[in-house]
Amino acid sequence: MNSKRRHLHFFAIFSDALSTLWSIVVPLGFGFAWGLRHLDDIIGYVLILPLIILIFNFVKWLRYTYELSDEQFHIRSGIFVRSDRYIRLLRIQSVQIKTNLLLRLLGVVQLKFDTADPASKGDMVLTALNKKKRNALRRKLVASKCSSRT
């Protein structure tokens with residue numbers, strides 16, 4: 001029951017970029033507001049920062065893959081430092097499906113796996129999966145759980 005290595009939905013690039021921008025812009029926004037007299041200097045940064053973040057998140061998306069085998073879930077990630085994470089399927093305790101209005105409009109969901117495996121650092125999140133991949137992944141996980149009980 002090996003599956004091929006897959007990427008997240010393309011929307012994951014923009015979702016991660018928006019969360020990065022939000023965590024940068026909100027604290028720095030107050031500083032920009034105080035420096036409005038130097039608006040011509042700030043406009044360059046305001047235009048280039050989102051572009052740099054989008055490029056970084058695109059490369060991160062290219063390097064983030066997941067694969068489900070018979071006994072484990074394998075995630076490869078990292079741009080500068082490559083990380084391989086193996087999670088045994090027997091250790092997955094729950095799967096949460098999160099969505100919001102924007103994700104529903106795009107037809108994607110966010111999956112969060114809670115594990116009891118201390119080696120896997122607890123939780124694993126797949127930020128954007130389309131519904132077809134989510135259902136296939138759910139079927140494989142349920143099938144592996146059922147076969148492990150017998």
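Bear in mind that the values here come from a model prediction, so they are computed numbers and not experimental data. The figures here come from the full heavy-atom set of this structure, side chains too, leaving out hydrogens, waters and symmetry mates.
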Check the angle between the aromatic planes of Phe80 and Phe56 and answer parallel, tilted or perpendicular using the 30° and 60° thresholds.
tilted

In Å, rounded to the nearest 0.5 Å, how long is the span from OG of Ser15 to CG of Leu102?
8.0 Å

Where do Thr65 and Ile75 land on the side-chain contact (heavy atoms from CB on, under 4.5 Å) test, with the steps shown first?
CA-CA 6 Å; Thr65 59; Ile75 296 177; over 6 Å; no

Sequence neighbours left out, what passes side chain to side chain donor-acceptor pair (under 3.5 Å) with Asn100? Give chain and number order.
none

For Gln96, which residues count as a side chain to side chain contact (heavy atoms under 4.5 Å, CB included) partner, sequence neighbours excluded?
Lys98, Lys112, Asp114

Rounded to the nearest 0.5 Å, how far does CD of Gln110 lie from CG of Leu103?
7.0 Å

Calculate, to the nearest 0.5 Å, the distance between atoms NZ and OG1 belonging to Lys131 and Thr99 respectively.
7.0 Å

d(Ile87 CD1, Thr115 OG1) to nearest 0.5 Å is 5.5 Å

Tyr64 reachable from Val59 in the ILVMFWY side-chain graph, under 4.5 Å edges
no

Taking C-beta and beyond as the side chain, do Phe113 and Leu89 meet within less than 4.5 Å on heavy atoms?
no

Distance col, row Ile92:CD1 vs Met124:CE, nearest 0.5 angstrom, shows 5.0 Å

Parallel, tilted or perpendicular: which describes the rings of Tyr66 and Phe73, with under 30° parallel and over 60° perpendicular?
parallel

Once rounded to the nearest 0.5 Å, what's the spacing between atom CG of Leu101 and atom CG of Leu106?
9.5 Å

Report yes if the side chains of Val95 and Leu137 come closer than 4.5 Å at any heavy-atom pair, otherwise no.
no

Work out which heavy atom in Ile13 is nearest to a heavy atom in Leu54; give both atom names and the distance.
CG2-O, 4.1 Å

Polar side-chain atom of Arg82 near backbone of Arg63 as donor-acceptor pair, under 3.5 Å
yes

What pair of heavy atoms forms the shortest contact from Ala12 to Thr127, and how long is it?
CB-OG1, 3.6 Å

Residues at least two apart in sequence or cross-chain that pass side chain to side chain contact (heavy atoms under 4.5 Å, CB included) with Leu62, listed by chain then number, are Phe58

